[in-house]
There are 2 protein chains.
Amino acid sequence: MASSGKKKATIYDLSVLSGSSPSTVSAVLNGTWQKRRIKESTAELIRSLAETHQYTANRQARGLRSSRSGLIGLLLPIHDNRYFSSMAQTFEAHVRSKGQCPIVVSASRDPDEERKTAETLISYSIDELFICGATDPDGVHEVCEAAGLKHINIDLPGSKVPSVISDNYEGGRMLTEAIIRRFEADRPLLPDELYLFGGRNDHASRERIRGFRAVKNELLGADPDECIQPTGYAPNNARLAFEAFYEKHGRLPRGLFVNSSINFEGLLRFMAGHPHENFADLVVGCYDYDPFASFLPFPVIMIRQDVEGMITKAFEVIEEARPQPRIHLIQPELVQPRTALTGPLDALKDIE
Amino acid sequence: MASSGKKKATIYDLSVLSGSSPSTVSAVLNGTWQKRRIKESTAELIRSLAETHQYTANRQARGLRSSRSGLIGLLLPIHDNRYFSSMAQTFEAHVRSKGQCPIVVSASRDPDEERKTAETLISYSIDELFICGATDPDGVHEVCEAAGLKHINIDLPGSKVPSVISDNYEGGRMLTEAIIRRFEADRPLLPDELYLFGGRNDHASRERIRGFRAVKNELLGADPDECIQPTGYAPNNARLAFEAFYEKHGRLPRGLFVNSSINFEGLLRFMAGHPHENFADLVVGCYDYDPFASFLPFPVIMIRQDVEGMITKAFEVIEEARPQPRIHLIQPELVQPRTALTGPLDALKDIE
DNA sequence: AGTTCTTGCACCATCGATTGTGCAAACAAG
DNA sequence: CTTGTTTGCACAATCGATGGTGCAAGAACT
């Protein structure tokens with residue numbers, strides 16, 4: 001389809017047309033012409049030829065020669081989630097503003113996939129790699145290291161290069177406290193009425209759980225082990241955990257700390273099978289923000305991670321000369337129920 | 001950071017190590033060695049050397065020579081939205097299964113951005129481009145055409161190459177009818193109690209509106225013009241429209257057809273400023289599916305577009321020899337309130 | 001032994017852009 | 001008018017992989 005097109009113009013074509021050498025054309029079009037003392041008039045001629053012939057440089061050729069591609073990679077666990085897709089959206093804006101081209105790829109939380117995907121990106125000579133939410137950041141690190149590729153971790157930390165992550169401990173604390181306070185007015189929550197569901201044995205989950213337990217101890221005076229249910233990230237596993245609890249107790253816990261919006265989807269799947277009224281007394285805290293979730297028929301307190309802040313910080317840190325493998329914490333934000341926040345989309349104009 | 005790495009091995013390195021010529025190494029490693037009658041033992045040697053030295057081909061070099069990159073592009077309006085991010089997720093899976101590398105980029109619904117972004121992708125010699133939800137598909141077409149790049153439209157149709165889109169007319173009909181039927185039990189809806197908000201003058205909106213009006217006429221016997229409020233896609237514009245209506249009438253219409261989940265966010269923003277109780281009698285139909293929206297405190301009927309179906313069809317059509325610029329309609333699905341559907345994520349394993 | 005195949009590989013141009021180097025022409029200085 | 005400088009550009013190597021072509025050594029055949 002659409003293969004009628006004449007081949008794209010190259011510097012050689014413009015060289016012939018302008019009567020200059022290819023190197024002159026190249027210099028003019030990539031901005032180094034002053035350094036090469038090309039006459040303004042020559043440059044002007046070449047520029048206008050480039051314009052009329054719709055010349056654009058072949059990036060593969062340029063990249064091959066200069067061993068830089070202009071591509072900056074973002075490795076995500078998944079696309080299909082508001083948190084990660086807003087990560088992609090924000091990342092893209094930053095990369096574009098630097099005049100480079102974003103390449104966003106997901107690796108399904110699979111350590112093997114992650115490494116292979118990094119390999120693939122490297123084979124395209126990407127210039128930098130942002131590793132977001134990787135299950136095995138240090139594994140990806142090795143691949144990058146071997147290729148001499150600048151990289152940085154986001155969302156989940158690694159030990160070899162800097163990491164920019166949410167302050168999950170503080171976030172966990174804030175969210176837990178907000179759930180508990182939500183009850184105080186009437187009948188206060190008991191320690192075994194507040195459960196945490198979702199997440200697995202990763203840094204983020206551990207920190208959130210640590211915050212959760214700390215606050216439970218401080219405010220409720222106890223923190224039973226069985227209230228922690230790390231069911232992984234799959235919605236269906238979370239659903240099964242809720243079903244199991246419901247089966248056993250005839251109801252859900254009154255207070256629920258859900259580790260991510262993906263796990264929250266598991267809760268929805270559970271709820272789909274039960275009447276609304278069963279959840280009258282429920283308060284949910286979710287470690288993620290989704291505008292629709294915020295308006296559900298029970299109070300949903302959410303944490304919005306500062307995606308813009310993380311990305312900005314990550315770009316700062318990755319430019320540093322000798323970045324230390326330390327962890328940079330970014331504060332998340334507590335979002336009260338029924339709150340519709342603006343997001344990266346609001347920066348876009350709506351062309352009607 | 002991480003720049004200690006020795007440079008990546010090339011076929012020249014392996015050539016020296018193996019005592020064979022670079023072309024032999026190349027042939028062995030890209031699979032054409034049988035055709036070149038390379039001895040099995042030579043191939044074996046080279047393969048093992050490649051293994052131990054972690055050789056991976058430089059794709060820029062390969063792409064430059066063969067004028068194919070192995071990259072397949074997807075041009076989206078935005079990332080930060082369940083519909084488009086599941087598009088990205090699904091697209092990625094398809095591309096990966098073909099052994100190629102997906103490159104997903106967004107262009108903010110801006111015709112100019114769209115063309116420039118396509119240009120950029122072309123400069124990386126991508127092999128195919130999927131144009132999804134473009135404001136000006138034919139503009140992008142011209143850019144692709146000039147570069148001899150295979151491309152196809154998704155979600156919003158163009159006139160120059162094939163398009164794979166939702167059957168928005170049918171979807172609009174289904175959704176409208178579902179909203180109306182939702183009321184019949186008690187007090188039936190009047191024609192001026194069912195409004196459509198959101199969307200702009202694009203093919204999808206027009207078709208949905210056409211379906212909306214047709215069903216209103218059929219079932220309610222009338223279809224006043226003022227019930228159509230195409231406020232564009234920005235959440236805040238939708239919010240303002242709701243505010244304006246509320247200001248004027250002291251309430252919202254009982255039945256609401258919201259053109260997309262993004263517009264729905266505008267409704268949420270409006271609702272954030274008003275007590276829950278104001279919306280007791282409300283039924284919302286939303287042309288998009290979001291699991292959280294499906295469980296809101298008022299009935300939300302949703303349309304789920306068949307993303308998997310569209311992507312699959314698009315891959316079929318783009319491979320055709322001489323694809324005609326026709327429109328392929330994919331049927332969407334009506335989703336009743338309080339329904340938590342599975343999505344592309346459920347295909348992933350959860351490594352605990 | 002001489003001729004013809006076949007096997008197994010090496011050589012080299014090529015893709016398009018970048019960049020270090022060289023060198024004529026124009027100009028200035030003495 | 002000779003010698004040095006500056007201006008303005010051309011030349012050619014290079015990045016890494018691909019693929020057409022050529023050719024020596026051994027096998028097969030007469």
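Convention: sequence-line order gives letters A, B, ...; per-chain numbering from 1. Because only heavy atoms are used, hydrogens play no part in the values below, and waters and symmetry mates are left out as well, while side chains stay in.
Against DNA chain C, the stretch residues 20-39 of chain A makes heavy-atom approaches under 4.0 Å through Ser23(A), Ser26(A), Asn30(A), Arg36(A).
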**Residue pair Arg68(B), Asp127(B): steps toward the salt bridge (Lys or Arg N to Asp or Glu O under 4.0 Å) verdict** = CA-CA 6 Å; Arg68(B) 310 187 68 257; Asp127(B) 299 335; 3.6 Å; yes
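Contact annotation: Tyr12(B) side-chain N/O to dT18(D) OP1/OP2 distance is not under 4.0 Å. For dC9(D), one of the phosphate oxygens OP1 or OP2 lies less than 4.0 angstrom from a side-chain nitrogen or oxygen of Thr42(A).
The distance from atom CZ of Arg68(A) to atom C1' of dC15(D) is 15 Å, rounded to the nearest whole Å. Taking atom NZ of residue Lys8(A) and atom P of nucleotide dG16(C), one finds them 11 Å apart after rounding to whole Å. Summarising the geometry, the separation between CD1 on Ile11(A) and P on dA12(D) is reported as 15 Å, rounded to the nearest angstrom. Rounded to an integer number of Å, the gap from CZ of Arg65(B) to C1' of dC15(C) is 6 Å. Separating the CG atom of Asp13(A) from the P atom of dA17(C) is a distance of 9 Å, rounded to the nearest angstrom. At whole-Å resolution of the value, CD in Glu40(A) and P in dT7(D) are 15 Å apart. Whole-Å rounding puts the Leu64(A) CG to dT18(C) C1' distance at 10 Å. Computed from coordinates, the Asn58(B) CG to dT14(D) P distance equals 17 Å when rounded to whole Å.
Arg62(B) contributes no side-chain N or O that forms a donor-acceptor pair with the base of dT18(D) under 3.5 Å.
Other residues, nucleotides and ligands place more than 12 heavy atoms under 6.0 Å from the CD atom of Glu44(A). The environment of Glu40(A) atom CD is dense: over 12 non-hydrogen atoms of other residues, nucleotides or ligands sit within 6.0 angstrom.
Side-chain polar atoms of Ser125(B) and Gln60(A) form a donor-acceptor pair below 3.5 angstrom. Side-chain N/O atoms of Arg59(A) and Ser123(B) include a donor and acceptor closer than 3.5 Å. A donor-acceptor pair shorter than 3.5 Å can be found between the side chains of Arg96(B) and Thr117(A).
Here Ile165(A) contributes atom CD1 and Ile330(A) contributes atom CD1; the two are 9.5 Å apart, rounded to the nearest 0.5 Å.
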